[in-house]
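Quick note on labels: first sequence line is chain A, next is B, and so on, each numbered from 1. Just so it is clear, the structure is predicted and the values come from calculations on it, not from any experiment.
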Amino acid sequence: MSVVVRFAPSPTGYLHIGSARTALFNWLFARHYQGKMLLRIEDTDRARSTQEAVEAIYKGLEWLEIGWDETPVHQFDRLERHVEIANELLKKGMAYYCYCSPEELETMREEARAKGLPPRYNGKWRDRSPEEAPKGIDPVVRFKSPQTGDTVIHDLVQGEVRVSHQQLDDMILLRADGTPTFNLSVVVDDHDMGITHIIRGDDHLTNMFRQFNIFKAMEWAIPHYAHIPLIHGPDGAKLSKRHGALGVEAYRDMGFLPEAIRNYLLRLGWSHGDEEIISTKDAIQWFDLDHVGKSPARFDFVKLTNLNGHYLREADNERLVTLVIPFIESKYGISVNTEARDLLRRGMTGLKQRAKTLIELAENSLFYIVPQPLDEAAQKILNEEGLQILKVMGSRLPCFPETSWTEVGLEDYIRQIAEERELKLTKATQPLRAALTGKTVSPSVFDIMHVLGKDKTLERLYAVLKGK
RNA sequence: GUCCCCAUCGUCUAGAGGCCUAGGAUACUGCCCUUUCACGGCAAUGACGCGGGUUCGAAUCCCGCUGGGGACGCCA
């Protein structure tokens, strides 16, 4: 039997990072077994579902380069089928009408709570005859959960999980307005979609038992379950939307690369020995449920940032240019023309080694596009002594042939000048760096001079000398 | 409150009874490399929550405690 998994987010906000990890695990699992990953939008809550949120899910997955198979299923479209199954359960005597009002249920829960019992529906209408039904009240349909014994399920991550049936109340299948609820819809869809493995967040663990019983009542094949632990915030609490969990687009805007996010998320709860840097290819080859940990992990920006730095260094220069330009344009209000773009492209090898995010890369790239004012440290470097050396450079560099104007050629030449004057090389390079970039920290000055070219280099140099 | 789950360096984790005087990654500190900064290299600090068992032997198995988390909706 081939593997079919699904990612089933509800479109009530953005695609948050915990959901992204669930999607990633499903995707890797499907790819590993050469199965399918289907996408199902759980939009049955009409009040909270929005089209924007649906778009955000698609966009988020696309950005993360997590693809899905087949056309996404919109759960709401399948409403009639869900109702059909509810009616079938009714006919089988595995479900019944309940006429309790929401207020009545609230009191019921409070009373149970007061007695130290679990706040559950007490089964009031479970065995009553329909004749007792009050007039003018639209009933809900409830599932007849087993009342004695217990259910043991072997979860692929959690191991054996056992729940006493006393813990299970008769859940609502159909609301008073006739629409199906989550637990029903999920089971019907999972069955109809031929889902073999359900990989989802730990917070659904208790739903597993409710859903399991519907599968049994319908005599449908029961899928395998794998409940992966949740991601926690730095404070150790669930990283939920309410706690300000961020959508994937926020991570994109913070300058993270999708491959870095994927690698980071993968290592949050899954491991392969001591491997840390894991390519997608290896991830697909290695991924399994056996090595998913059972304890929740805290989200750590610092480690993500480190990983991002790694992938930034490895990334293709042209790609980084394309990625960084929007950051430059939006954050600094500078428009990047083709000439500037070319400088960025040629300077990228030196730039990318020194940035951990695209935001940092944008900031560090600025000097290539627009000459930058001298910052405080650069001013200090260009004191009397510094200016003196700069002047020397200003007079010597024009004589240096254009054909030798390369990183190596320039280094040799400037080393030579420094030696002549019995200066440490840094005494020569720091004033140059300050004049060329406005800063005391940058890529190699020889690299920068080469990228800028002779004309631009001298232009910048003279501009600083003139300004002093 | 009831039920369920979890528990190794600050954080992410390796560890499936002897390979563990507990390994890797990250962060922090120091040193080296070096035109600055990063990268890289080396080193140092740093953990099996507690208490009982089982066993010749426990981070690993069992029980209890403590701590953390999750679920208890006509939300998904």
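A 6.0 Å sphere centred on NZ of Lys427(A) holds no more than 12 heavy atoms belonging to other residues, nucleotides or ligands.
Rounded to whole Å, the P atom of C33(B) lies 16 Å from the corresponding atom of A38(B). Comparing U2(B) with U21(B), their C1' atoms are spaced 46 Å from each other, to the whole Å.
Partners of Glu106(A) according to the salt bridge (charged side-chain N to carboxylate O under 4.0 Å, His left out) rule, which considers only residues two or more places apart in sequence or in another chain, are Arg109(A). Annotation: side-chain hydrogen bond (donor to acceptor under 3.5 Å, both in side chains) contacts of Thr457(A) (sequence neighbours excluded): none. For Arg319(A), the side chain to side chain contact (heavy atoms under 4.5 Å, CB included) test picks out Leu257(A), Pro258(A), Glu259(A), Ala315(A), Asp316(A), Leu323(A), with sequence neighbours left out. Under the rule for a side-chain hydrogen bond (donor to acceptor under 3.5 Å, both in side chains), the partners of Thr151(A) that lie at least two apart in sequence or sit in another chain are His165(A). In this structure, the side chain to side chain contact (heavy atoms under 4.5 Å, CB included) partners of Glu314(A), at least two apart in sequence or on a different chain, are His310(A). Partners of Asn207(A) according to the side chain to side chain contact (heavy atoms under 4.5 Å, CB included) rule, which considers only residues two or more places apart in sequence or in another chain, are Phe182(A), Asn183(A), His204(A), Arg210(A), Gln211(A). Val392(A) is linked by a side chain to side chain contact (heavy atoms under 4.5 Å, CB included) to Arg396(A), Ile417(A), Arg421(A), counting only residues two or more places apart in sequence or in another chain. With sequence neighbours excluded, the residues satisfying side-chain hydrogen bond (donor to acceptor under 3.5 Å, both in side chains) with Asp170(A) are Tyr96(A), Arg126(A).
Below the 3.5 angstrom threshold, one finds no donor paired with an acceptor across the side chain of Asp203(A) and the base of G70(B). With hydrogens and angles ignored, no donor-acceptor pair closer than 3.5 Å exists between the side chain of Arg267(A) and the base of U26(B).
Counting any heavy atom pair closer than 4.0 Å across all strands shown, Gly269(A) reaches sugar-phosphate atoms only and no base atom. At a threshold of 4.0 angstrom between heavy atoms, the contacts of Gln167(A) are confined to the sugar-phosphate backbone, with no base atom among them. At the heavy-atom level, Ala176(A) lies under 4.0 Å from base atoms of the strands shown. Looking at heavy-atom distances under 4.0 Å, Asp43(A) makes no contact with the nucleic acid at all. Residue-level contact check: His232(A) touches the backbone only, with heavy atoms under 4.0 Å from sugar-phosphate atoms and none from bases. Among the protein residues, Leu268(A) comes within range of the sugar-phosphate backbone only, with heavy atoms under 4.0 Å from sugar or phosphate atoms but none that close to a base. Using a 4.0 Å heavy-atom distance criterion, Glu276(A) is classed as a base contact. When heavy atoms are screened at a 4.0 angstrom cut-off, Arg298(A) is found touching the sugar-phosphate backbone but no base atom. If you check every strand for non-hydrogen atoms under 4.0 Å, Phe446(A) touches a base.
A salt bridge does not link Asp412(A) with Arg415(A): none of the charged nitrogens is closer than 4.0 Å to a carboxylate oxygen.
The distance from atom CG of Asp274(A) to atom C1' of A22(B) is 12 Å, rounded to the nearest whole Å. If you measure from atom CD1 of Ile231(A) to atom C1' of U11(B), you get 14 Å, rounded to the nearest angstrom. For the pair Gln211(A) CD and A76(B) P, the interatomic distance rounds to 12 Å; values are reported in whole Å.
When distances run from any side-chain atom of Val140(A) to the nucleotides G15(B), G40(B), C74(B), the shortest one goes to C74(B). Looking at the side chain of Thr44(A), the nearest of the listed nucleotides A76(B), C12(B), U36(B) is A76(B). In the set C5(B), G70(B), C12(B), G70(B) carries the atom at the smallest distance from any side-chain atom of Leu230(A).
Checking the phosphate oxygens (OP1, OP2) of G73(B), no side-chain nitrogen or oxygen of Arg48(A) falls inside 4.0 Å. Residue Lys356(A) places at least one side-chain N or O closer than 4.0 Å to OP1 or OP2 of C39(B).
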Please tabulate, one pair per line, all N/O donor-acceptor pairs under 3.5 Å involving side-chain atoms of residues 185-193 of chain A, not counting sequence neighbours.
from	atom 1	to	atom 2	distance (Å)
Ser185(A)	OG	His82(A)	ND1	3.2
Ser185(A)	OG	Thr181(A)	O	3.2
Asp189(A)	OD1	Arg78(A)	NE	2.4
Asp189(A)	OD1	Arg78(A)	NH2	3.0
Asp189(A)	OD1	His82(A)	NE2	2.7
Asp189(A)	OD2	Gln75(A)	NE2	2.8
Asp189(A)	OD2	His82(A)	NE2	3.4
Asp190(A)	OD1	Arg6(A)	NE	2.9
Asp190(A)	OD1	Arg40(A)	NH1	2.8
Asp190(A)	OD1	Arg40(A)	NH2	3.2
Asp190(A)	OD2	Arg6(A)	NH2	2.9
Asp192(A)	OD1	Arg81(A)	NH2	3.0
Asp192(A)	OD2	Arg78(A)	NH2	2.6
Asp192(A)	OD2	Arg81(A)	NE	2.7

Is there a salt bridge (Lys or Arg N to Asp or Glu O under 4.0 Å) between Lys439(A) and Asp375(A) once you walk through the steps? CA-CA 6 Å; Lys439(A) 294 191 172 59; Asp375(A) 69 17; 5.3 Å; no
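For U2(B), the paired nucleotide is A71(B), the pair qualifying as Watson-Crick or G-U wobble because both relevant distances are below 3.5 Å. Checking G64(B) for Watson-Crick or G-U wobble geometry (two distances, each under 3.5 Å) identifies C50(B) as its partner.
With a 4.5 Å cut-off on side-chain heavy atoms, Arg142(A) and Met171(A) do not count as touching.
Residues from residues 429-444 of chain A that place a heavy atom under 4.0 Å from any atom of RNA chain B, listed by number: Thr429(A), Gln430(A), Arg433(A), Thr440(A), Val441(A), Ser442(A), Pro443(A), Ser444(A). For the contact set between residues 302-309 of chain A and RNA chain B, defined by any heavy atom under 4.0 Å, the members are Val302(A), Lys303(A), Asn306(A).
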Interface polar pairs with nucleotides 41-50 of chain B, N/O, under 3.5 angstrom:
none

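Mapping Ser164(A) and Pro102(A) onto RNA chain B by nearest heavy atom places Ser164(A) at the nucleotide closer to the 5' end. Mapping Arg109(A) and Thr181(A) onto RNA chain B by nearest heavy atom places Arg109(A) closer to the 5' end of the strand.
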